[in-house]
There are 2 protein chains.
Amino acid sequence: MRRPTIADIARQAGVSKGAVSYALNGQPGVSEATRARILAIANEIGWRPNIAARALNGARAHAVGLALCRPARFLGVEPFFMELISGIEAELSARSYALLLQVVGDHEAEMGVYRRWWGEGRVDGAILVDLHLDDPRVPQVEELGMPVVVLGHPSAAGSLVPVWADDSAAVRETVEYLVALGHRRIARVAGLPQLSHTAIRDRAFGDVCAGLGLDACPIVHTDYTGEEGARATRRLLSSPERPTAIVFDNDIMAVAGLSVAQEMRLDVPADLSVVAWDDSPLCQVVRPPLTVLTRDIPAYGAHAAQRLLALIDGVEARPLEDEAPRLTTRGSTAPPA
Amino acid sequence: MRRPTIADIARQAGVSKGAVSYALNGQPGVSEATRARILAIANEIGWRPNIAARALNGARAHAVGLALCRPARFLGVEPFFMELISGIEAELSARSYALLLQVVGDHEAEMGVYRRWWGEGRVDGAILVDLHLDDPRVPQVEELGMPVVVLGHPSAAGSLVPVWADDSAAVRETVEYLVALGHRRIARVAGLPQLSHTAIRDRAFGDVCAGLGLDACPIVHTDYTGEEGARATRRLLSSPERPTAIVFDNDIMAVAGLSVAQEMRLDVPADLSVVAWDDSPLCQVVRPPLTVLTRDIPAYGAHAAQRLLALIDGVEARPLEDEAPRLTTRGSTAPPA
DNA sequence: CCCCTCGGCTGAACCGGTCCAGTGACCCTC
DNA sequence: GAGGGTCACTGGACCGGTTCAGCCGAGGGG
């Protein structure tokens, strides 16, 4: 059962292919009566435009790409990506754009994917995530000439359109809140040090702590996994000057840290306050529920998709600073005992 | 800067388009010398085949679709989908197939997506997940004539190619293990009752409990969220005949249940044993670490992708029963006090 | 009444590949 | 040395749309 084409419609309607094309695309050149007849036939025989044929005429591919460059076992852990994707999706599907997804092993493979997608005309643009310091992808993508929106701070985005949130403000809010509660020894269990947002949060953390005249404010870097989060927490809590509050860079490490504290017979929040970055159902089911830095991740994705679509349409896409993460206090933070 | 086409290569090599096509596709019809020359030129100018042009010749779209039909906030929670996707991906990208992803609100929208993808020639096939009892998508997809692999039990897959795991065996293994430990009152906190795998697990649970002559073995249905998992656990633990072991249908509910038990001053595993379905880093960071039913989810996705690619290639794709989930015991299960 | 305009439509080129029929050139063979 | 076969390659149709130039007829203006 062949898929119907405009030639089939043309034959049935007794007009030319050209007329059918005009009718179906809402362009002038056919009378209303003919247009209605053609639309009725198209509808009846279940015609759909063949995107390949459309794309061949220099038109858009009506798809954008997203390549994720973290090992599968890390990806699954964090709700972040799934939420981000659903936000991107919502925006794309409203405009009938498809999302091409690929999980890659490293940046080289990721660039290979972009080159292929772009070269084959599969996508009209892409969204770059997890920016690194001096990210090699930025100049390479710039050279490729593909429309790209970057999820990350403008300082690392080169000439690409950035969509970002003010992590520094969030760090400041958190530390100031903890200090207001009476904490003086605050630690940070951070993610991968080569990620640009890790660096930004690190610097903000250092600056705020110094500005408030706090004692040692150690930062430990991890790979975002529960195991490393647990190990980092164990180390921090075993030190002679153990912190009374720890800020974690994601939820799974925060939960792991919570478990470690309880294992070490420390009461949370009396002996240790815990803050997690990014809210997730997980943070609310553990006891005590975790104080978190909340972001609207789907909105974040949606905004990136909007900017990308604008870019593809040739509209000048301006950088977008999204809402800064907000501190949501729950049971895991309190004045130190 | 226009993308190079085979016409450009032909001009530079001084041959016809046809010869270039043969050379680039490894087909006979050109001498090795000419082929080498053409490949060198193609490589030099960075030529990539335009998939639209290829697809137009009745060739494959070289993409498969996956539509996920759960609200975004549920999707993010479970690592399942991300792991599944990365497994599917690994198989697809090895064959240079792309994955089209869409998050939809309901089955009707999902069918709309499939109709569009298939009608537009965007995909060569799709993978159907989260089968329901009497799933309306099955007959509709059959009618569409699109190659489809179903992740779910053959009994619900109609004429579509199923890839599934023996959940019944996993349920049996779990209950028998708990009974061997000395448990007599075992409960199950299940997922959405309309899902076919929930029904299968429910039935297996009932059968095994009855077969072993156990007392009341209640089943509570939820929407997979931590909140409902917590509520279900609270209800079960408040009943006069409270269970000494609970088997949860996912990890987040198991963690929520664990928290509820600890809140109610019940010791896990002394007063209550907890088993989670699907291992995830989460299960290992909480205290005690959870006994789980482990599946190799990426492999599951990879197998589905393999079957789908076979189907697309016109090879008869046989149903595939994947490995049954294995019980991995950790600290959350023990003989009842 | 004739010319001009314009709406409505046709026919064909075009996008970038694939693939088939056909054409020489060359070699082998009887 | 004529006939047949193979090899290497060419030219062009084709896929399913879009788009443009051009054509025809009706209606309006002078």
Going by atom type alone, with no hydrogens or angles, which donor-acceptor pairs under 3.5 Å involve a side-chain atom of residues 56-69 of chain B and a protein atom two or more places apart or on another chain?
from    : atom 1 : to      : atom 2 : distance (Å)
B/Asn57 : ND2    : B/Ala53 : O      : 3.0

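- B/Asp135 places a side-chain N or O within donor-acceptor distance of the main-chain N or O of B/Arg137, the cut-off being under 3.5 Å.
- Counting only heavy atoms from C-beta outward, the side chains of A/Leu311 and A/Val161 approach each other to under 4.5 Å.
- Interface limits on DNA chain D: the 5'-most and 3'-most nucleotides within less than 4.0 Å of chain B heavy atoms are D/dA8 to D/dG16.
- At its two ends the helix from C/dC1-D/dG30 to C/dC30-D/dG1 runs along axes set 60° apart, each axis drawn from five pairs and the angle rounded to 10°.
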B/Val138 vs B/Leu131, test: side chain to side chain contact (heavy atoms under 4.5 Å, CB included). Steps then yes/no. CA-CA 9 Å; B/Val138 172; B/Leu131 271 199; 4.2 Å; yes

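- Residue contacts for A/Asn57: at a heavy-atom cut-off of 4.0 Å it reaches a base atom on one of the strands shown.
- Atom P of nucleotide C/dC15 and atom CG of B/Asp8 are separated by 11 Å, given to the nearest angstrom.
- Checking the phosphate oxygens (OP1, OP2) of C/dT18, a side-chain nitrogen or oxygen of B/Asn25 falls inside 4.0 Å.
- Considering only heavy atoms from C-beta on, B/Trp117 comes within 4.5 Å of B/Gln102 through its side chain.
- Judged by distance alone, the side chain of A/Ser21 and the main-chain N or O of A/Lys17 form no donor-acceptor pair under 3.5 Å.
- When the P atom of C/dT10 is taken as reference, atom OH of A/Tyr22 falls 11 Å away, rounded to whole Å.
- Whole-Å rounding puts the B/Leu56 CG to C/dC14 P distance at 17 Å.
- B/Arg35 comes within contact range of no nucleotide atom at all, as no heavy-atom separation falls under 4.0 Å.
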Determine whether B/Leu24 and B/Leu39 satisfy the following criterion, side chain to side chain contact (heavy atoms under 4.5 Å, CB included), listing intermediate values before the conclusion. CA-CA 7 Å; B/Leu24 293 170; B/Leu39 286 175; 3.7 Å; yes

For B/Trp164 and B/Asp322: C-alpha separation, side-chain torsions, deciding distance, then whether side chain to side chain contact (heavy atoms under 4.5 Å, CB included) applies. CA-CA 6 Å; B/Trp164 79 102; B/Asp322 217 324; over 6 Å; no

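- Rounding to whole angstrom units, CD1 of residue B/Ile51 and P of C/dT18 are separated by 13 Å.
- Rounded to whole angstrom, the span from the CG atom of B/Asn50 across to the P atom of C/dC14 amounts to 18 Å.
- Within 4.0 Å (heavy atoms only), B/Ser31 reaches sugar-phosphate atoms of the nucleic acid but no base atom.
- Both cation-pi conditions hold for A/Arg3 and B/Trp118: the charged atom is under 6.0 angstrom from the six-membered ring centre and inside a 45 degree cone around its axis.
- Ranking C/dG17, C/dC15, C/dA13 by closeness to the B/Lys17 side chain, first place goes to C/dG17.
- Using a 4.0 Å heavy-atom distance criterion, A/Ser16 is classed as a base contact.
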